[in-house]
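Data block below; observations after.
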Protein chains: 2
Amino acid sequence: MEEGSSETAVARLTARGAKTRSRIIATAADLIRVRGVGGTTLDDVVVASNVSKSQLYRHFEDKQALVRAVIEFVGERTIAVERERLSKVMTFNGLRRWRDALVENNALHEGRYGCPLGSLANEVSDQDEIARKKLHDLFAAWQELFEDLLRRFQKAGILPQEADVAQLATGLLAAVQGGYLVAQASRDVTPMASAIDMAIAHLHMLSRDAAS
Amino acid sequence: MEEGSSETAVARLTARGAKTRSRIIATAADLIRVRGVGGTTLDDVVVASNVSKSQLYRHFEDKQALVRAVIEFVGERTIAVERERLSKVMTFNGLRRWRDALVENNALHEGRYGCPLGSLANEVSDQDEIARKKLHDLFAAWQELFEDLLRRFQKAGILPQEADVAQLATGLLAAVQGGYLVAQASRDVTPMASAIDMAIAHLHMLSRDAAS
DNA sequence: CTACATATGGACGATACCGTCCAGTTACCC
DNA sequence: GGGTAACTGGACGGTATCGTCCATATGTAG
């Protein structure tokens, strides 16, 4: 749908233009991840991305537009990674490996920064309705990945047909998000592992019921 | 321990002084809840709390000190409410009533603002180490309330003795936090209910195992 | 080689916000 | 009723940040 990205007039766009544009977004995404939206200034972005201010404002109407672009960028990347990982999962052991990957990755910086999507959602949802909708859609996409996986489990007979796939997927997503947050406040990813484990354990118990 | 509150020199404190101080904190807490820490200015606080700026700076060294005080205030209030509610819970139906209360409360503003503790944790954890520790302690206190409850369940024989109470409590906390966050991005509390439900369902299944 | 998009680089105005300061006022305790 | 804490009210300096603007330079496609 649509052709993604900005709201402003950026109709024509040469290869070079597009390149700088993405560089700005990627740099801004990095800065925002570490310092938050409010803690990141446009001058920071200008310096870090090696662009002149005029160019920044050529590509983005204002800071809000940049932030929205960052949300799309981070969101699409996150979902793509998760899709890649989750689509391969066929068993409970595979699910546990997926969890390990997520936790290990977060352990690289001791849980700092939280979930790439979650922290943005928290900071922006109540201040920018359009951004909120984007984030909502991204969460929905993530949840759908879980649903696909669970339906695969159903077909494989390791999850009962009657299981409420949508609700379980929501629970998984929330476990992930809650895990990220508690880990962030603890500077320790252990709680994140526990939280996701509990969700997986639940699925596993449902599966045992299916067998009986 | 200690005797809570500020870091600055506020040795002596008359009744009147203490009163204005708490009024400032309470007002700031309200503003911050709606606009976030970054979105709340000290002038906002001054106006909303009907205090002169001089007084604000008499009671708090700087904005950071005020924010920390707000965290303590909100945290203690939140934990107190949860303690009140959770300590009464003796059965699974009670647990579901607790969940209802939490969700209903959040539904009053359609999930906006997220969890009083969670959103603060998200915004502040990576920027202020002292604040992060406070929030970590508050999460730990909350988790302990869950642990107490689960141990009660064990004594009552509705949860197996072998259950890992600490891990389950972490899972519950994360489900709550994740639920808050997804609800915030969705402007709809349904996912929050689902998320907590899944955690409760898991406990319930464990309980059935105990009976077998 | 010409025309246009892309880019530099930084000056600039306009605010917004933090934090200081102070002269004067009001409550309250002994 | 004298003294001290608590408070008013707002001016003020300093600075950070947003967003505008422009004169100039460079790549690149036709």
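Lettering follows sequence order; numbering is per chain, from 1.
- Proximity of A:His59 to the phosphate of C:dT6: no side-chain N or O atom is located under 4.0 Å from OP1 or OP2.
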- Task: Given salt bridge (charged side-chain N to carboxylate O under 4.0 Å, His left out), test B:Arg151 with B:Asp148 step by step and report yes or no.
- Result: CA-CA 5 Å; B:Arg151 275 190 286 267; B:Asp148 290 345; 3.1 Å; yes
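- Regarding A:Phe60, its CZ atom lies at a distance of 15 Å from the C1' atom of C:dT6, rounded to whole Å.
- For D:dG19, the base has a donor-acceptor partner in the side chain of A:Lys53 [N/O atoms by modelled type, under 3.5 angstrom].
- For A:Asp62 and D:dT20, the CG to C1' distance is 13 Å, given to the nearest whole Å.
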- Item | Chi angles and distances behind the ring pair (Phe, Tyr, Trp, His ring centres under 6.0 Å) call for B:Trp98, B:Phe92 | CA-CA 10 Å; B:Trp98 159 79; B:Phe92 275 99; over 10 Å; no
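- For the residue pair A:Asp126/B:Gln184, the side-chain donor-acceptor check at 3.5 Å is satisfied.
- Proximity of residues 36-44 of chain B to DNA chain D (heavy atom under 4.0 angstrom from any strand atom) is not detected for any residue.
- We find the CG-OH distance between A:Leu66 and A:Tyr57 to be 9.0 Å, quoted to the nearest 0.5 Å.
- Counting to the nearest Å, the C1' atom of D:dT26 and the CG atom of A:Asn50 are 16 Å from each other.
- For the pair A:Arg21 CZ and C:dT6 P, the interatomic distance rounds to 12 Å; values are reported in whole Å.
- Between B:Gln55 and D:dA6, a side-chain N or O to OP1/OP2 separation shorter than 4.0 Å is absent.
- Between B:Ser54 and B:Arg16, it is B:Ser54 whose nearest contact on DNA chain C lies nearer the 5' terminus.
- Take A:Lys63 and apply the salt bridge (Lys or Arg N to Asp or Glu O under 4.0 Å) test, not counting sequence neighbours, and it matches no residue.
- In this entry the distance linking CD of B:Glu61 with C1' of C:dC18 reads 14 Å, nearest Å.
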Show the atom names and distances, to 0.1 Å, of all donor-acceptor pairs under 3.5 Å that link a side chain in residues 138-145 of chain A to residues at least two apart or in another chain.
from: A:Trp142; atom 1: NE1; to: A:Glu82; atom 2: OE1; distance (Å): 3.3
from: A:Gln143; atom 1: OE1; to: A:Thr170; atom 2: OG1; distance (Å): 3.4
from: A:Gln143; atom 1: NE2; to: A:Glu147; atom 2: OE2; distance (Å): 3.3
from: A:Gln143; atom 1: NE2; to: A:Ala166; atom 2: O; distance (Å): 3.3
from: A:Gln143; atom 1: NE2; to: A:Thr170; atom 2: OG1; distance (Å): 2.9

- Please lay out, stage by stage, how A:Arg58 and A:Lys53 fare under the test side-chain contact (heavy atoms from CB on, under 4.5 Å). CA-CA 8 Å; A:Arg58 248 178 72 81; A:Lys53 207 169 201 178; over 6 Å; no
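- Applying the 4.0 Å criterion to OP1 and OP2 of D:dA6, one finds that B:Arg58 has a side-chain N or O inside that range.
- Distances from the side chain of B:Val51 to the nucleotides D:dG19, C:dT8, D:dT8 place D:dT8 closest.
- Listed candidates were C:dA7, C:dG19, D:dA6. Nearest to the side chain of B:Tyr57 is C:dG19.
- Taking atom CG of residue A:Leu56 and atom C1' of nucleotide C:dG9, one finds them 14 Å apart after rounding to whole Å.
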